[in-house]
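These notes are about the structure you will find just below.
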Amino acid sequence: MNIEEVIKLARLARLKVGDGEVEGLGRDLSAILALVKRLESASLDDVEPLAHPLDAVQRLRADEVTEDDRRDAFQKIAPHTRDGFYLVPKVID
Amino acid sequence: MTERWQPVIGLELHMRLKTASKMFSGAASAYGGAPNTRACAVDIALPGVLPVLNGGVLKMAVAFGIVINARIAERSVFARKNYFYPDLPKGYQISQYESPIVEDGQLEIALDDGGVKSVGIERAHLEEDAGKSVHGAADGMTGVDLNRAGTPLMEIVSRPQLASAGEAVAYMKKIHSIGCFLGICDGNMQEGSLRCDVNVSLKPAGAKRLGVRAEIKNLNSFRFVERAIRHEIKRQAALLESGGEVAQETRLYDPDLDATRPMRGKEEAEDYRYFPDPDLLPVAIPPSLVDEVRAALPELQEQMRERFVRDYGLSQADAVQLTASPEMAAWFEDCAGACGGGPQLAANWMTGALSAALNHAGIGIADCPLDARRLAGLLDRIADGTLTGNTARKVFDEMWRTGAGADEVIAGKGLAQISDTGELAAVIAEVLANSEKQVAQYRSGKEKVFGYFVGQVMKATQGRANPAEVNRLLKESLEKAD
């Protein structure tokens, strides 16, 4: 994994990676990918893709409103609120 | 210029599903509300919460899949679509990537030339909506309202098989109708219940290979979809004609300028790093569930239209108008069922006076100040001869204004039809006495003048005279005097 790929991944994940760390991270990630790549040699013809390690299926909820408005409680722990909105640093679309 | 180029269009529609609660939480799913009053701990992504799928959402997707003859997965998986934006508190949207619930469907659309075209639907999957950001809310900060966060959406992806703006709109209207008649979508375009992303590319006429496509995001009306596609086809054709190339990009349609422009490049936006959501187990959709949904499917627009023609004897045009929405159709059936004057009388009044009044007030049938039984009561008074067409219209206007019943208005305003022979004969005698000139003309063979006498009688009775009686008595009086 080259330096550009590490920087791109870090940006997508919003992780701050120092200049000095990029190279080492690239080496580590490459090693992990190499390890995972060995799995490609296994024969998977009869194997269903696994989406979850538990052999169970999703429980369903009835379509009912069960949650009341608890905005005041939730907003007590928010850094900034006004008029019911959560306030965040300005986002430019 | 555009004949040299064939447009290839695909639509991604986001249908907001009409549930009581959200997709993965028990908070209310209804549109609107004071900011953040419909956002529970799951929706705002407090630590430690877990999503649980709303079974109603699943059934809605299955119903849609059945209607478009699609393959319904027996096992479906939810995935995380990762990106960062303040109206997405988890840092990912729960969506589907591999194994969507609905795959490989077909939809027939009616074309302008009277033909029918089958359009492929690649997939329909479930995903949660994001919240809303309100810019410039306070102190140069951005306000976030998470009421919409977690409300259920079904994303419906067509194959790139639409060839014009008109076809795209016909396809979108068909999906809208299915959503409304299945009762899975409220169909409210202004509130974003059906939003559309359009992919447009051009290829040289007859060519196999597709051209580079541009995507136009977030169109929320049929008209904007049509105009945006028309504009985009023109733009790309001009670009290709002049030897340029179309850039693969996302564009926004500006209705004020009637033009599309590139969106500010969302950096690496396509790189969503999907993976199965470990918080959600795979969903099982057993054949028994599909059968259960199939058995409960309501009548769709076309079936209803055909039934109205067959069972009520309506014209195709009336049936089309009266099945414009499930609410309209239910209103008609209610009214026709309660009305002694028969379904055609109900249809005439609904497509006539009632539609005009609704249009004038700018409201839909759901907000109609009259209910179907009230209109039926008015129609009964026409059928039994109490009202003439003319006075019925006056009664209708008064009922619309006050919400009163027909009999109440008729009694209050003295609008009942005059059929009493004695009363009418007196009016006629007076009219004839005051119309010597016309009487002479009539007697000299100018029979056209008869209409004048009818008009005078109607004027004298404020339109309440029974027209058949007036005709009979007038003829009698004029002949008698001969």
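Only a predicted model underlies this, so the values are computations on that prediction, with no experimental measurement involved. Residue numbering restarts at 1 for every chain, and letters A, B, ... go by the order of the sequence lines. Quick note: numbers below take in every heavy atom, side chains included, and nothing from hydrogens, waters or symmetry partners.
For a residue to count as touching a neighbouring chain, one of its non-hydrogen atoms must lie under 4.5 Å from one of that chain's; by this rule Met23(B) touches chain A with the backbone only. Neither the backbone nor the side chain of Phe275(B) comes within contact range of chain A; no heavy atoms are under 4.5 Å apart.
Closest non-hydrogen pair, His52(A) versus Leu281(B), comes out as ND1-CD2, 3.4 Å. Taking every heavy atom of both residues into account, Ala56(A) and Pro282(B) meet most closely at O-CD, 3.9 Å.
Within 6.0 Å of CD on Glu98(B) lie no more than 12 heavy atoms contributed by other residues, nucleotides or ligands. Around CD of Glu74(B), the count of heavy atoms belonging to other residues, nucleotides or ligands within 6.0 Å does not exceed 12. Taking a 6.0 Å sphere around OH of Tyr31(B), one finds it holds more than 12 heavy atoms contributed by other residues, nucleotides or ligands.
Looking at heavy atoms from C-beta onward, Leu60(A) lies in side-chain contact with Leu53(B) at the 4.5 angstrom threshold.
Across Leu280(B), Val283(B), Val57(B), Leu58(B), the residue that shares the most heavy-atom pairs under 4.5 angstrom with chain A is Leu280(B). For chain A, the option among Val52(B), Leu146(B), Val144(B), Thr19(B) with the highest count of heavy-atom pairs below 4.5 Å is Val144(B). Top candidate by heavy-atom pairs under 4.5 Å with chain B, chosen from Val65(A), Ile77(A), Thr66(A), is Val65(A). Ranked by heavy-atom pairs under 4.5 Å with chain A, the list Pro276(B), Ala20(B), Gly56(B) is led by Ala20(B). When each of Ser29(B), Ala39(B), Ala41(B), Ser99(B) is scored by its heavy-atom pairs under 4.5 Å with chain A, the top score falls to Ala41(B). Contacts with chain B were tallied for Arg59(A), His80(A), Glu67(A); Glu67(A) has the most, counting heavy-atom pairs under 4.5 Å. Heavy-atom pairs under 4.5 Å with chain A were tallied for Val42(B), Asn82(B), Asp277(B), Asn36(B); the largest tally goes to Asn36(B). Of all the listed residues (Gly91(B), Ala284(B), Gly33(B), Ser25(B)), the one sharing the greatest number of non-hydrogen pairs under 4.5 Å with chain A is Ser25(B).
Using a 4.5 Å cut-off between non-hydrogen atoms, no part of residues 23-37 of chain A approaches chain B. Heavy-atom neighbours of chain B within the stretch residues 68-75 of chain A, taken at a separation under 4.5 angstrom, comprise Asp69(A), Arg71(A), Phe74(A), Gln75(A).
Taking the charged nitrogens against the carboxylate oxygens, Lys59(B) and Asp63(A) have no contact shorter than 4.0 Å, which rules out a salt bridge.
For the side chain to side chain contact (heavy atoms under 4.5 Å, CB included) test with Tyr86(A), the passing option among Thr142(B), Asp145(B), Ile44(B) is Ile44(B); the others fail.
For the atom pair Arg75(B) CZ and Gln58(A) CD, the distance stands at 12.5 Å (nearest 0.5 Å). Between atom CZ of residue Phe85(A) and atom OG of residue Ser133(B) there is a gap of 10.0 Å, rounded to the nearest 0.5 Å.
With Arg61(A) contributing its side chain and Ser21(B) its backbone, the two residues share no donor-acceptor pair below 3.5 Å.
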